[in-house]
Number of protein chains: 2
Amino acid sequence: MKDYSLNSEHLNSKNLIPDTGIFNYLTNDEKLRLSNNVTLMNFERQDILFKQNMPSDHVVYIVSGLIKIYRGGRGYRVVCIKLAGPGEFAALSCAYASNIYRYSAAAIEKTVALMMRKEAFRDVLKNNGMFSVSLISLMGKEIIEVSNKLVNFSMKQLPGRVADMIRYFSEEVFNNTEFTVALTRQEMAELIGTTKESLIRTLNEFKHDKIIDLEGKHIKIISNDLIKVLSEIG
Amino acid sequence: MKDYSLNSEHLNSKNLIPDTGIFNYLTNDEKLRLSNNVTLMNFERQDILFKQNMPSDHVVYIVSGLIKIYRGGRGYRVVCIKLAGPGEFAALSCAYASNIYRYSAAAIEKTVALMMRKEAFRDVLKNNGMFSVSLISLMGKEIIEVSNKLVNFSMKQLPGRVADMIRYFSEEVFNNTEFTVALTRQEMAELIGTTKESLIRTLNEFKHDKIIDLEGKHIKIISNDLIKVLSEIG
DNA sequence: CTTTTATGATGATTTAGATCATCATTATAT
DNA sequence: ATATAATGATGATCTAAATCATCATAAAAG
């Protein structure tokens, strides 16, 4: 009994907030207060974290894994706005700018996420200037990223966008020239605004031209230079 | 002499910060301190407010007029990311997320803007929680807007995007079904990711189909319903 | 273990919209 | 006022990529 009670108390006061990134700016007290409004969640591939048009009540912080943030349109067509991995937030933009989620999020691989009640998160933002300025910096990066994607979508044609995607996986997600993506061809296509057929063709052309090695979901970059050139000339 | 001196002092302590929007959250003292780091600027059509790749040292607040925020790519191709009018900020995303401007801004019509030194702006953000949370809300809206544009670019074809543009002018910029845009056809095309020829053709088709009246830069919406339908079905 | 459903791969066909070319009209500069 | 440049407008042609169709293979479900 005594042990159990102790355990429970210990659990209640356990700090779920990581000691990384912008959370470094929080005091222990702030961490604890925020922590009491945080739920740690586990998601399997294809699990939904939140869905477009639902009331937006949480800010989501990815501890581990990978998720996709996407918008569905009429007729099953989907556009993937971005992926988010460890240390990244999701739904930040909706938290204080909208009362509903403006897009959906689903786990691409096994993912651990912290669901933070947005009111508690806001209280911390209000009281900790360094924390809020850091968040403003993060959101600025997100605006720049989405704008870049917009520019790439309008200026580059398929080979350029496919090269962009491969570069993104290699440089931003896996930090390796060789990697295995859990995404299907369909999902990859949604990430760069094309159809699965066109994506498959372009990937196989890259393979044929010895730019990449391709075996199922495993991609190995043979010529990083060519990938960079393709990505830059569009 | 005496009069002149008085005038000058009065000018120095003059508060340039507007009493609108998120600036309402500032105390008089904060307004004054910020005001000392603000320059009021006048721009004529085509004047550059800031240029891609320049060191980002200011946050820009539009008092009146209209500007375009755009990115140039190789070969004179340009993509317009968004327009910004009175009460809107520009370059917010670069201020604390980048040391350089990631895009350019130019006046579309005669524009008055406040150029706020980003360090002073940050000081206020750090010390005023309501102000920073409001800014976070504004930036969230911007992320949602750019994401929407990305989704529209990938899902809608030309008539849908042209209808989007007309709707945007009518509902967001001019609050009228009849308006005169200072943009050239080329600039309109850049706004919706197409070429001037295709834009001209589509606008003239709309005219022919009695959806709009078109005379040079003056547009009058005849059937708002059709515009909405076109914008929604894409 | 077999059936059913998702995924990956290719070929054939179609099409939206880019590109190229030309000319009229309207601004801007000399 | 006249020359020069920028803009708007249309037609002809071309092409990247979507769409449609089919089949192989892999994964999931019964």
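To find a chain, count down the sequence lines: A is the first, B the second, and so on, and within it residues start at 1. What you are looking at is a predicted structure, and each value in this text was computed from that prediction instead of being measured.
- Listed nucleotides: C:dA18, D:dT19, D:dA18. Nearest to the side chain of A:Glu197: D:dT19.
- Per the geometry, CZ belonging to B:Arg185 stands 10 Å off P belonging to D:dT10, to the nearest Å.
- To the nearest angstrom, C1' of C:dA29 lies 16 Å from CD of B:Gln46.
- B:Glu190 places its CD atom 10 Å from the P atom of D:dT7, with the value rounded to the nearest Å.
- A salt bridge links B:Glu88 with B:Lys82; the closest basic N to acidic carboxylate O contact falls under 4.0 Å.
- Salt-bridge annotation for A:Lys196 and A:Glu187: absent, with no side-chain N of the basic residue lying under 4.0 Å from a carboxylate O of the acidic one.
- The shortest distance between the side-chain N/O atoms of A:Thr195 and the OP1/OP2 oxygens of D:dA18 is below 4.0 Å.
- Contacts of B:Lys217 with the nucleic acid, taken as non-hydrogen atoms under 4.0 Å apart, involve only primed sugar atoms and P, OP1 or OP2.
- Rounding to whole angstrom units, CZ of residue B:Arg161 and C1' of C:dG17 are separated by 9 Å.
- Within 6.0 Å of NZ in B:Lys110 there are 12 or fewer heavy atoms belonging to other residues, nucleotides or ligands.
- Straight-line distance from the CD atom of A:Glu215 to the C1' atom of C:dA9: 15 Å, rounded to whole Å.
- Rounded to a whole Å, the CD1 atom of A:Ile192 is 12 Å from the C1' atom of D:dA17.
- The structure places CG of B:Asn37 at 12.5 Å from CG of B:Leu114, a figure rounded to the nearest 0.5 Å.
- In this structure, the nucleotide among C:dT7, D:dA18, D:dG8 sitting nearest to the side chain of A:Thr184 is C:dT7.
- The existence of a salt bridge linking A:Arg167 and A:Glu232 is confirmed by a sub-4.0 Å separation between a basic side-chain nitrogen and an acidic carboxylate oxygen.
- Note on A:Arg201: every side-chain N or O is 4.0 Å or more away from OP1 and OP2 of C:dA9.
- We find that CD of B:Glu205 is positioned 12 Å from C1' of D:dT10, with the value rounded to whole Å.
- Across the protein-nucleic acid pair, B:Leu158 atom CG and C:dA18 atom P stand 6 Å apart, rounded to whole Å.
- Set against D:dA17, C:dT10, C:dA18, the side chain of B:Thr194 has C:dA18 as its closest nucleotide.
- The phosphate of C:dA18 (OP1 or OP2) has a side-chain N or O of B:Ser198 nearer than 4.0 angstrom.
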